[in-house]
Peer 1: 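Dumping the structure here so I can ask a few things about it.
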Amino acid sequence: MAKPLDPKKIESARQFSSRAERREQRRKLMQDEIAENQRSNGVIVIPPKKMQEVQQERPKLRVAAYCRVSTQEEEQVGSFDMQVRHFTQRIESNPDWELVEIYQDEGISATTVKKRLGFQKMIADAVDGKIDLILTKSISRFGRNIVDILDNLNILSALNPPVSVEFETEHITYTGDGKNNLLIVLLSALAEMESQQKSEAIKAGIRWRMAEGIYKFSVQNTLGFYRDHFGRLVIEPTEARIVEYIYESCLEGATPSEIAAALTEQGIKSPMGNDSWSAGTVRSILRNEKYCGDALMQKTYTKDFRTHKSVKNTDLNMYFKENHHTAIIKKEDWLKVQKLLSERHTSPHKAKLRFLSNRFVAHRVKDGLFKGYLILDSRWSPAERQEFMKIVDDTQDNTK
């Protein structure tokens with residue numbers, strides 16, 4: 001015989017069924033209402049008044065890009081051109097963006113920003129409120145010094161409104177809101193480490209070439225030499241004659257100060273292209289072993305890869321190669337000049353011709369019929385001529 005049902009359970013089941021039916025009815029009613037709204041024009045969303053004003057008056061985003069390569073090698077030049085073209089097309093193809101400028105530094109090291117004029121101009125324009133967003137290829141293009149990277153990002157994020165920076169390779173946009181700070185720090189540190197490793201590898205290669213005697217030293221500011229398009233060291237005849245004049249004048253008793261004054265008076269440009277010569281410049285030419293054909297390498301070295309500042313080498317090996325290249329000055333003359341300079345350094349120079357250089361400029365004829373004669377300046381007064389001849393006579397008497 002079947003057990004009779006509990007009346008309470010029957011009532012509970014009836015109430016549950018009733019609630020389920022009501023939910024189903026409400027669901028069907030809501031679906032019918034949605035379908036009806038879709039058949040009609042639907043619901044129009046009205047944004048807040050402030051948002052409407054922003055949407056109506058929203059200007060285009062002012063976007064700039066920064067492009068840089070660290071060397072001017074042919075393949076790097078291609079990379080640089082591609083960067084410029086890529087960012088130009090990307091910005092101009094976005095209807096919501098307005099191109100400000102493609103800031104560029106070609107063939108400039110990235111370990112510091114001091115020499116990157118394009119980068120400095122970009123930061124200055126951002127501070128002046130001309131830029132909203134900066135695009136760059138990667139963090140290593142933005143900089144390889146973690147301090148400089150973070151300092152400049154902080155400058156941009158502190159502006160009102162802040163300027164964002166998008167690093168394309170890393171797929172990161174720095175807005176200064178703290179979301180990507182740790183990642184930016186880590187990637188900046190990696191970029192700096194990469195720069196340091198490259199610097200050490202380059203230095204090792206240079207020192208190996210020095211040890212083998214095949215290192216090509218720079219002649220950018222070395223008077224009398226230049227390198228042809230094959231990289232060979234070549235003597236420049238006109239500048240070599242100036243070097244010979246400097247050595248001949250020193251051997252004849254002129255001091256570096258007197259030689260510098262004479263060169264300035266004659267309108268000869270210094271190795272740096274300046275109108276005036278200094279005694280230090282003349283002295284460095286007289287001390288330079290390259291003019292007698294030798295090469296002393298690694299006189300200076302870069303102590304800190306971040307600053308690229310060269311310091312006098314007192315810590316590392318130097319490499320000397322005798323008869324490294326064609327000489328401008330004979331070895332015996334160069335050695336005589338070194339002896340003269342050393343003697344003048346240890347004992348005071350009392351020749352009266354030093355007084356002469358402070359008041360007169362006299363040019364000695366170097367060759368031809370009047371070789372060895374001094375040319376008087378027509379602008380001298382009779383008293384100055386008489387004083388000059390007295391000094392010359394006294395000097396000749398002292399040398400007898």
Side-chain angles (χ1 to χ4, degrees), residues 47 50-181 183-185 187-188 191 195:
K50 185 175 182 180
M51 185 179 294
Q52 292 181 56
E53 294 175 354
V54 171
Q55 289 177 349
Q56 291 173 359
E57 301 175 3
R58 179 182 176 184
K60 289 186 176 182
L61 203 63
R62 297 167 299 174
V63 183
Y66 177 67
C67 302
R68 182 190 63 80
V69 292
S70 56
T71 65
Q72 293 182 335
E73 297 295 335
E74 184 177 351
E75 54 271 20
Q76 287 278 45
V77 171
S79 172
F80 181 79
D81 292 338
M82 287 299 295
Q83 286 183 54
V84 174
R85 188 178 302 110
H86 165 70
F87 285 118
T88 302
Q89 293 176 349
R90 182 182 169 191
I91 295 172
E92 291 180 344
S93 63
N94 192 323
D96 296 329
W97 287 1
E98 177 185 348
L99 176 62
V100 178
E101 186 176 340
I102 305 295
Y103 297 90
Q104 307 173 26
D105 283 312
E106 186 174 7
I108 303 296
S109 172
T111 48
T112 63
V113 299
K114 292 181 180 179
K115 295 183 179 180
R116 292 195 281 155
L117 301 181
F119 187 90
Q120 293 180 35
K121 183 176 184 295
M122 178 183 69
I123 297 297
D125 287 349
V127 172
D128 291 340
K130 300 177 181 179
I131 303 172
D132 300 315
L133 172 64
I134 295 172
L135 308 178
T136 190
K137 184 179 178 182
S138 65
I139 290 178
S140 63
R141 296 299 91 191
F142 196 76
R144 292 188 179 177
N145 182 316
I146 186 171
V147 174
D148 284 341
I149 292 173
L150 297 180
D151 283 350
N152 284 288
L153 288 177
N154 289 334
I155 290 173
L156 296 172
S157 64
L159 298 175
N160 186 20
V163 176
S164 302
V165 182
E166 179 186 304
F167 303 104
E168 196 173 65
T169 302
E170 292 85 0
H171 303 289
I172 298 173
T173 300
Y174 181 85
T175 58
D177 56 5
K179 291 181 179 179
N180 296 318
N181 284 9
L183 187 56
I184 292 288
V185 170
L187 293 173
S188 300
S195 178

Peer 1: Any sub-3.5 Å donor-acceptor pair from T169's side-chain atoms to K137's backbone N or O?
Peer 2: yes
Peer 1: Any idea which heavy atoms bring I131 and M122 closest together, and the distance?
Peer 2: CD1-O, 3.7 Å
Peer 1: Short question: side chain of R68, backbone of F119 - any donor-acceptor pair under 3.5 Å?
Peer 2: no
Peer 1: To the nearest 0.5 Å, how far apart are CD1 in I172 and OG in S164?
Peer 2: 13.5 Å
Peer 1: Measuring only between side-chain heavy atoms, which start at C-beta, is E168 closer than 4.5 Å to H86?
Peer 2: yes
Peer 1: I'd like to know whether F87 forms a side chain to side chain contact (heavy atoms under 4.5 Å, CB included) with C67, so could you lay out the CA-CA distance, the side-chain angles of the two residues, the decisive distance to 0.1 Å, and finally the verdict.
Peer 2: CA-CA 9 Å; F87 285 118; C67 302; 3.7 Å; yes
Peer 1: Compare every heavy atom of A65 with every heavy atom of I91, then report the nearest pair and how far apart it is.
Peer 2: CD1-CB, 4.3 Å
Peer 1: Which distance, rounded to the nearest 0.5 Å, do you find between the CG of D128 and the CG of L159?
Peer 2: 9.5 Å
Peer 1: Between the side chain of N94 and the main-chain N/O of D96, is any donor-acceptor distance below 3.5 Å?
Peer 2: yes
Peer 1: Between D105 and G118, is there a donor-acceptor pair closer than 3.5 Å when you use the side chain of the first and the backbone of the second?
Peer 2: yes
Peer 1: Closer than 3.5 angstrom, by distance alone: can the side chain of R62 be matched with the main-chain N or O of G129 as a donor-acceptor pair?
Peer 2: yes
Peer 1: Rounded to the nearest 0.5 Å, how far does CD1 of I155 lie from CD1 of I123?
Peer 2: 6.5 Å
Peer 1: Could you pull out the closest heavy-atom pair between P162 and S157, with the gap in Å?
Peer 2: CB-O, 3.4 Å
Peer 1: After noting the C-alpha distance and the side-chain angles of F167 and F142, does the key distance pass the ring-ring contact (aromatic ring centres under 6.0 Å, His included) rule?
Peer 2: CA-CA 9 Å; F167 303 104; F142 196 76; 5.7 Å; yes
Peer 1: Checking L133 against V163 for the side chain to side chain contact (heavy atoms under 4.5 Å, CB included) test, could you report, in this order, the C-alpha distance in whole Å, the side-chain angles of both residues, the deciding distance, and whether it holds?
Peer 2: CA-CA 6 Å; L133 172 64; V163 176; 5.9 Å; no
Peer 1: Taking all atoms of both residues into account, what is the closest heavy-atom pair of T173 and E166, and its distance?
Peer 2: OG1-CG, 3.7 Å
Peer 1: With side chain to side chain contact (heavy atoms under 4.5 Å, CB included) as the test, would you mind laying out the steps for E98 and L61 before giving the verdict?
Peer 2: CA-CA 6 Å; E98 177 185 348; L61 203 63; over 6 Å; no
Peer 1: For Y66, does its backbone N or O pair with a side-chain atom of T136 as donor and acceptor, under 3.5 Å?
Peer 2: yes
Peer 1: Before giving the answer on side chain to side chain contact (heavy atoms under 4.5 Å, CB included), spell out for V63 and D132 the whole-Å C-alpha distance, their side-chain angles and the decisive distance to 0.1 Å.
Peer 2: CA-CA 6 Å; V63 183; D132 300 315; over 6 Å; no
Peer 1: Under a 4.0 Å threshold between the charged nitrogen and the carboxylate oxygen, would D125 count as salt-bridged to K121?
Peer 2: yes
Peer 1: How long is the gap from OG1 on T88 to CG on L99, to the nearest 0.5 Å?
Peer 2: 6.0 Å
